[in-house]
Protein chains: 2
Amino acid sequence: MRMGRPREFDAETALDQAMEVFWRHGYEGATIAQLTEAMGINPPSLYACFGNKEGLLKAALDRYTKLRNIWMDEVVAAPTARAVAERMLMGIADKQTDPANPPGCLLVQGGVACGTGSENVPFELAARRAQNEEQLRDRFVRAKAEGDLKESADPAALARYVSAVSVGMGVMASSGADREALRQVADVAVQAVEAQSTKR
Amino acid sequence: MRMGRPREFDAETALDQAMEVFWRHGYEGATIAQLTEAMGINPPSLYACFGNKEGLLKAALDRYTKLRNIWMDEVVAAPTARAVAERMLMGIADKQTDPANPPGCLLVQGGVACGTGSENVPFELAARRAQNEEQLRDRFVRAKAEGDLKESADPAALARYVSAVSVGMGVMASSGADREALRQVADVAVQAVEAQSTKR
DNA sequence: CCAGATATGTAGTGTTCACTACAGATGTGG
DNA sequence: CCACATCTGTAGTGAACACTACATATCTGG
C-alpha cells in the first residue's frame with residue numbers, strides 16, 4: 001500500500017485547539033478561519049482530516065468526552081451517592097472555572113440551539129450529556145441496591161437532577177460566575193442528594 | 001407634529017413571532033429571512049422599527065422578561081422559601097415543555113456562546129437571568145428574616161442554586177426532556193431548599 | 001389639496017461564510 | 001529513479017448573510 005506524503009501536524013493537538021474555539025464561540029460562532037488559525041493548518045488539511053466543520057466538531061467532542069469520562073470514572077468511584085454528587089459537582093465547579101479552558105462546558109457552549117442545516121449539533125451535544133447522566137444513574141441504582149439511598153429514592157431522577165445542576169453551573173460559569181459561587185451552588189445541591197440518603 | 005404613514009403591523013405581535021425564531025434557532029442561527037417571514041414583514045420594516053438584528057433580539061428579550069416577571073411576582077408571593085422554590089421549579093417544568101412555545105428557555109437558547117461581533121448577546125442574556133436570581137435572593141433574604149430559613153442558610157447561594165437548576169432544566173427541555181422528567185428534577189431540587197428551612 | 005414625514009416592497013449591496021480546484025511538495029513500493 | 005498516493009498552500013468558488021437605496025404608498029398638519 002502506497003502511503004503518500006505524511007501529515008505534518010498532530011491531529012490530537014490540533015483537535016485541542018479546535019475544541020477551545022468551539023467551546024468559546026459555539027459551533028455556529030466558530031469560523032473555519034478561526035479554527036484553521038488556532039489549529040495552525042490550512043483549510044484543505046482540515047477538510048482532508050475531518051471531512052467538514054461538523055466532522056471536526058464531532059472529533060472534538062469525542063476527545064472532550066474521552067477526557068471527561070476518565071474523570072467521571074473517578075467520580076462514580078466515590079463510596080456513597082452523596083459523595084458521588086459532591087465529588088462531581090465540586091469538580092465541575094473547579095473545571096468550569098479553570099482558566100486553562102474557556103469557562104463553562106463544551107457540551108453546552110457548543111450550541112443548544114442552531115440554525116437550519118445544523119439541527120444535528122444540539123442533538124449531538126445532548127447525546128453526550130445523556131451518556132454522563134446514564135453513568136450517574138447506574139451508579140445511583142447501585143447505591144440504592146447497597147442501601148445507601150432510601151427505598152423511596154428514584155436513581156434516574158437523582159441522576160437527572162445532578163446532571164441538570166451541572167449544566168446550570170456551566171451556563172453560570174460561562175457568564176462569569178467564579179469558582180466560589182459555583183461551589184456554593186454545589187454545596188446546596190448536594191443536600192438534596194443527602195436528603196435521599198440513608199442516615200449515617 | 002407630522003406623523004407620516006402609519007405602521008401596518010403590530011410591533012408586539014411581530015415581536016412574539018421573532019421571539020419564537022430566536023428561541024428555536026438561537027441568535028446566530030436565526031436569519032433575517034426567517035425572522036421577517038415569521039413576523040410577516042419585509043426587512044426595511046424590521047430595520048426601521050428595531051434598528052438591527054441585535055436590537056430586535058433585545059426588544060424580544062424585553063418582551064420575554066416582561067411576561068416572565070409577571071409570573072415571577074406570583075412565584076415570590078408563595079408563603080415560604082420552600083414554596084417559592086417549588087412553585088418556581090414546577091412552573092419551569094410546565095413552561096419549558098409547553099407546546100405553545102419552543103422547548104427550553106429563551107434566556108439560554110438565545111445563545112450562551114456567540115461568534116466574533118456578537119459577544120454582547122451572551123452578556124445580554126446573562127444580565128436578564130441575573131435579574132431573576134436577584135429577585136429570588138431578595139425573597140430568600142426575607143424568608144431568612146422571617147425565620148423561615150435556618151440561621152446557617154445563605155440566601156444568595158440558595159437563589160443561585162434555584163437559578164442554576166432552572167437553567168439546567170431548560171437545557172434538558174430543549175433536548176427533549178418531557179414535563180414529567182423535569183418535574184422529577186424539580187422535586188429533588190426542592191429538597192435542598194427544604195433542608196435549609198426551619199422545621200414545620 | 002398640498003407639503004412634509006414616515007412606512008412599504010422590490011431589488012439589490014458588499015461581506016463573510018463553508019468549502020474546494022489545482023499545482024507543487026513529500027512520502028512509499030517496485 | 002520512476003509511478004503513484006497523499007498532504008500542503010494559494011487562491012479562489014458559489015451561496016448565504018445582514019443590511020440598505022430607492023421609488024412608491026399612505027398618513028398628518030395646514
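In what follows, chains are A, B, ... by sequence order, proteins preceding strands, each numbered from 1.
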Whole angstroms only, please: what is the [atom1]-[atom2] distance between [X] and [N]?
| X | N | atom1 | atom2 | value |
| --- | --- | --- | --- | --- |
| Phe50(B) | dC19(D) | CZ | P | 14 Å |
| Ile32(B) | dC17(C) | CD1 | C1' | 16 Å |
| Glu28(A) | dT16(C) | CD | P | 18 Å |
| Met3(A) | dG29(C) | CE | P | 8 Å |
| Leu56(B) | dC19(D) | CG | C1' | 13 Å |
| Arg7(A) | dT28(C) | CZ | C1' | 17 Å |
| Leu46(A) | dC7(D) | CG | C1' | 14 Å |

* Asked: In Å, rounded to the nearest 0.5 Å, how long is the span from OG of Ser45(A) to CZ of Phe50(A)?
  -> 10.0 Å

With no hydrogens and no angle check, do the side chains of [X] and [Y] hold a donor and an acceptor under 3.5 Å apart?
| X | Y | answer |
| --- | --- | --- |
| Arg24(B) | Gln109(B) | no |
| Asp73(A) | Gln135(A) | yes |
| Gln34(B) | Thr116(A) | yes |
| Asn101(A) | Glu20(A) | no |

* Asked: Which sits closer to the 5' end of DNA chain C, Pro6(B) or Tyr27(A), going by the nucleotide each is nearest to?
  -> Pro6(B)

Using a cutoff of under 3.5 Å, can you pull out all pairs of nitrogen or oxygen atoms linking the protein to nucleotides 9-16 of chain D, with atom names and distances?
{"from": "dG9(D)", "atom 1": "OP2", "to": "Asn42(A)", "atom 2": "ND2", "distance (Å)": "2.7"}
{"from": "dG9(D)", "atom 1": "O5'", "to": "Asn42(A)", "atom 2": "ND2", "distance (Å)": "3.0"}

* To do: Report the relative orientation of the aromatic rings in Phe22(A) and Tyr27(A); use parallel for angles under 30°, tilted for 30 to 60°, perpendicular for over 60°.
  => parallel

* **Salt bridge flag under 4.0 Å for residues Arg183(A) and Asp94(A)** => yes

* So does Arg5(B) reach the base of dC27(D) with its side chain, donor to acceptor, closer than 3.5 Å? -> no

* Nucleotide nearest Lys53(A) (side chain, heavy atoms from C-beta), chosen from dC19(D), dT28(D), dA18(C) -> dA18(C)

* Quick one: is Tyr47(B) getting a side-chain N or O under 4.0 Å of the dT20(D) phosphate, OP1 or OP2? -> no

